[in-house]
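Worksheet for the structure shown next.
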There are 2 protein chains.
Amino acid sequence: MITINDIANQVGVSISTVSRVLNHKSKKYRISSKTEEQILKAADELGYRPNELARGLRLKKTHSIGLVVPDIANPFFANVTQIIQKQAYEAGYSLIVCNTNEDISLEIEHVELLRRKGVDGYIIMPVGTLFEHIEDLVEHKKPLVLLDRNIEHIDANCVVVDNYKGAFQATSYLIENGHTRIAIIQGLRNTYTNNERVKGYLDALRKNGLEIDETLMVGKDFRKENGYIETKMLLNLENPPTAIFAFSDLITLGTLQAFLEESIKVPEDISLITFDDIDFAPYLFSPLTAVRQPRQMLGEVAVKLLIDDLKSKGRIERKKIVLDPKLITRKSVKLLTHARVDTTKINMINQY
Amino acid sequence: MITINDIANQVGVSISTVSRVLNHKSKKYRISSKTEEQILKAADELGYRPNELARGLRLKKTHSIGLVVPDIANPFFANVTQIIQKQAYEAGYSLIVCNTNEDISLEIEHVELLRRKGVDGYIIMPVGTLFEHIEDLVEHKKPLVLLDRNIEHIDANCVVVDNYKGAFQATSYLIENGHTRIAIIQGLRNTYTNNERVKGYLDALRKNGLEIDETLMVGKDFRKENGYIETKMLLNLENPPTAIFAFSDLITLGTLQAFLEESIKVPEDISLITFDDIDFAPYLFSPLTAVRQPRQMLGEVAVKLLIDDLKSKGRIERKKIVLDPKLITRKSVKLLTHARVDTTKINMINQY
DNA sequence: TTATATTGCACAAAGGTTTGTGCTAAACGC
DNA sequence: GCGTTTAGCACAAACCTTTGTGCAATATAA
């Protein structure tokens, strides 16, 4: 491994001079242009590569940021991750990616690891059930942004989408189409996203004077298996729902599998609406009506917030940013015949 | 920040003693259990967190590995990435993820960055058009595994799937179903995967005595837009194909969009087969026949190979591992009426 | 010519670890 | 009681940088 020492020896100067030249501080320290050239030449010839560990140790900066994500394989998170990676790279940062699998103890461990590695900042999509480790981060003034999921009590940068609104719109749309027995298959309980979606769902029901049936509020995590099992159960109810609102693309995947096995057709036999607008949604057997989240914006804003924080060294105040989702209507929701379509109401929903 | 120095002061011993205790070397260096306890207690109370930069500098080990991937947003790569992350974590390594966007200059930059950061090993899915930067890695004996794409001339660990076989099977399947005008929409030219797939396609045509029509061999990268544009062009041919073989899930996405716009139905109007068996494939408007790649295995083997290499310090010989893909037949291929189905041939293909 | 300013660079400390070696004091052998 | 072993730890170097300060040589001023 070539170090500045090797360069110094080759040129016959001290390592401090080499360092200054390599860091473009020749003028400031009055290094003659002759020496400068020699050093640059030697560095090139020897194939010098700065040791970022040593720099990081000295400078207390690693130019890397830690990304903590629940499930990279989930298309939604994968997309957001890609955006973040790109933005971070362009700002001069590398990404250390950690997958928590929605496991809080894994999340804690990963955050601990990232601290040991001395990352400059954190972008975290927290499980959200425990958060002392995150509080500790803000207490120590570590640049941090909470992504996709807010933690109310914590004074940290945060960018989320308005899950309440998304769920409210989706549920309202189903109601407008004559559905009264609407099931939800929830994601992980007590996460920010899930809570907000449940609230939106309930409020939409209440606003329309529909009764709330707890047996229709099922589900426990954002995974495919959850969607599959709960759908099977829902279909076996004595009085099954006429519509299902799935809280993630992966849940929808399980739901579709259950439908296939039971020969249930969407929307003829049952209506389906989903959070997360997967790329393939339009080409599914029944093109899916979905709540689309602004993935690109989510990632871009997260990185921007973090970089601002990094540059300002905490002098800048925390921001909580809420982005709007959008209901994309396709063909997976059936208009029940007894429904009176009230276009004014629909317009109201779209403007909401 | 708490250092071993702080612990040493608190307890009243030297930092070397602290270090040895914290590294479980008390016996080896005959530290009294009394001192040991005191140090452990102080470390806990002070909330000591080892500085991995300093350790890395001293030990020349960072416990992190660099992952270079063309496109994390692509479901295939996203899935592989997730597996790798998990396996790496369990082996005690963090993952620095770099997205090259199939851009060779970005790939080179990322590899350079990873070297500066001193990652212990590399898992790279190379663009493959240039590879001096990778050769340099093996020359310097850096633990490395090439994933999904091999580079023939390079003596590195490597795990790929048999793309030739996958393409051969898929093409043969189409031929068995009476198709003679089979288009391929290729991915990035001159990548290992693309080359092998083209070979498999051509060999299948030749073996069945079909003519090769260059106008049916289109496409230039693995993205959606490529699929969309090329499909539009293919549909406008004076003598359009009866089947399209798309070389990636994203290409298929574009193809489906084109089909939708042109009101083309699969498989009635045209047959479709794809590389990469996306999770949603069974539930598409026409459930997709696809070449499934063993994603889980791919990721697991890659990490295993790398870890072995890391542990053996280069004493172990390089391995090239080839995994089998699997043709999953669903309903996107139409049996052309004039075709004679030769079951013996089909069996032969499946055994291949 | 002498005093002062400037040029051009070297020295050394610091950042937090790990580890080979050496030193002191107690324990042991006889 | 003296020599030898052993226990228990400290010292200091090394890993590779960055940077404040200092010093010699040259240039400038008077």
Side-chain angles (χ1 to χ4, degrees), chain A residues 1-40 42-43 46-64 113-120 140, chain B residues 1-40 42-43 46-64 113-120 140:
Chain A
M1 179 171 199
I2 302 296
T3 73
I4 53 172
N5 224 311
D6 301 321
I7 300 179
N9 286 338
Q10 168 132 353
V11 179
V13 294
S14 77
I15 57 168
S16 49
T17 304
V18 175
S19 173
R20 294 194 238 255
V21 167
L22 261 21
N23 286 293
H24 310 106
K25 299 188 175 170
S26 307
K27 295 106 232 197
K28 182 178 174 191
Y29 289 97
R30 302 178 310 229
I31 313 292
S32 70
S33 51
K34 180 180 154 216
T35 311
E36 183 174 12
E37 275 174 31
Q38 286 179 298
I39 290 176
L40 258 17
L46 293 174
Y48 171 70
R49 206 181 328 262
N51 181 327
E52 290 295 333
L53 285 179
R55 300 191 84 213
L57 185 57
R58 178 69 227 246
L59 262 19
K60 298 193 177 302
K61 284 229 151 296
T62 56
H63 290 282
S64 55
L113 266 175
L114 290 172
R115 293 185 74 164
R116 296 183 176 192
K117 299 229 175 213
V119 295
D120 294 341
H140 285 78
Chain B
M1 179 171 200
I2 304 294
T3 74
I4 53 172
N5 225 312
D6 301 321
I7 300 179
N9 287 338
Q10 168 133 355
V11 178
V13 294
S14 77
I15 58 167
S16 47
T17 303
V18 175
S19 173
R20 294 194 235 256
V21 167
L22 261 21
N23 286 294
H24 310 106
K25 298 187 177 173
S26 307
K27 296 104 232 199
K28 182 178 173 190
Y29 288 97
R30 302 180 308 231
I31 314 291
S32 69
S33 51
K34 180 182 154 211
T35 311
E36 182 173 13
E37 276 174 31
Q38 286 179 299
I39 290 176
L40 258 16
L46 294 174
Y48 170 70
R49 207 182 325 261
N51 182 327
E52 291 295 331
L53 285 179
R55 301 191 82 213
L57 184 58
R58 177 67 228 248
L59 262 20
K60 298 192 177 304
K61 285 230 150 292
T62 55
H63 291 280
S64 56
L113 266 176
L114 290 172
R115 293 184 75 164
R116 295 183 177 193
K117 299 229 175 211
V119 295
D120 295 341
H140 285 78

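Computed from heavy atoms alone, side chains included, the values below leave out hydrogens, waters and symmetry copies. First the proteins, then the strands, lettered A, B, ... as listed; each starts at 1.
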Exercise. When all nucleic acid strands are considered with a 4.0 Å heavy-atom cut-off, which category describes B:Ser19: base, sugar-phosphate, or nothing?
Worked result: base
Seminar exercise, completed: Separation of C:dT17 atom C1' from B:Asn51 atom CG, nearest Å, is 8 Å
Exercise. Would you say the base of C:dG16 and the side-chain of A:Arg116 have a donor-acceptor pair closer than 3.5 Å?
Worked result: no
Exercise. Checking all strands, does A:Leu57 fall into the base, sugar-phosphate, or nothing category for heavy-atom contacts under 4.0 angstrom?
Worked result: base
Exercise. Taking it one step at a time, do B:His140 and B:Arg115 satisfy side-chain contact (heavy atoms from CB on, under 4.5 Å)?
Worked result: CA-CA 11 Å; B:His140 285 78; B:Arg115 293 184 75 164; 3.6 Å; yes
For this session: Decide yes or no on side-chain contact (heavy atoms from CB on, under 4.5 Å) for B:Ile2 and B:Gln10, but give the supporting numbers first.
Result: CA-CA 11 Å; B:Ile2 304 294; B:Gln10 168 133 355; over 6 Å; no
For this session: Please report, rounded to the nearest Å, how far the C1' atom of D:dC16 is from the CZ atom of B:Arg55.
Result: 18 Å
Problem set entry | Pair B:Met1-B:Asn51, side-chain contact (heavy atoms from CB on, under 4.5 Å): steps then yes or no | CA-CA 9 Å; B:Met1 179 171 200; B:Asn51 182 327; 3.6 Å; yes
For this session: Mind calculating the distance between CG (A:Leu22) and C1' (D:dT17) to the nearest angstrom?
Result: 11 Å
For this session: Establish, with yes or no, whether the OP1 or OP2 oxygen of D:dA14 is under 4.0 angstrom from a side-chain nitrogen or oxygen of B:Lys60.
Result: no
Problem set entry | Any B:Lys25 side-chain N or O less than 4.0 Å from OP1/OP2 of C:dT19 | yes
Seminar exercise, completed: Minimal heavy-atom distance between B:Thr62 and B:Asp120, with the atoms involved, is N-OD1, 2.9 Å
Exercise. If you take all heavy atoms of A:Ser26 and A:Val21, which pair is closest and at what distance?
Worked result: OG-CA, 3.7 Å
For this session: State the CG-OG1 distance between B:Asp6 and B:Thr3, to the nearest 0.5 angstrom.
Result: 4.0 Å
Exercise. When rounded to the nearest 0.5 angstrom, what is the spacing between CD1 in B:Ile31 and OG in B:Ser16?
Worked result: 7.5 Å
Exercise. Is there a donor-acceptor pair closer than 3.5 Å between any side-chain N or O of A:Lys117 and the backbone N or O of B:His63?
Worked result: yes
Exercise. Whole-Å distance between D:dT19 P and A:His24 NE2?
Worked result: 14 Å
For this session: Describe the nucleic acid contact of A:Leu53 in one word from base, sugar-phosphate, nothing, applying a heavy-atom distance below 4.0 Å.
Result: nothing
Exercise. Mapping A:Arg20 and B:Met1 to their closest nucleotides on DNA chain C, which lands nearer the 5' end?
Worked result: A:Arg20
Exercise. In residues 27-36 of chain A, which residues come under 4.0 Å of DNA chain C by heavy atom?
Worked result: A:Tyr29, A:Arg30, A:Ile31, A:Ser32, A:Thr35
Problem set entry | side-chain contact (heavy atoms from CB on, under 4.5 Å) evaluation trace for A:Thr17 with A:Val11 | CA-CA 10 Å; A:Thr17 304; A:Val11 179; over 6 Å; no
Exercise. What integer distance in Å separates A:Ile2:CD1 from D:dC15:P?
Worked result: 14 Å
Problem set entry | Close approaches to DNA chain C from residues 5-18 of chain B, in residue order (heavy atom, under 4.0 Å) | B:Ile15, B:Ser16
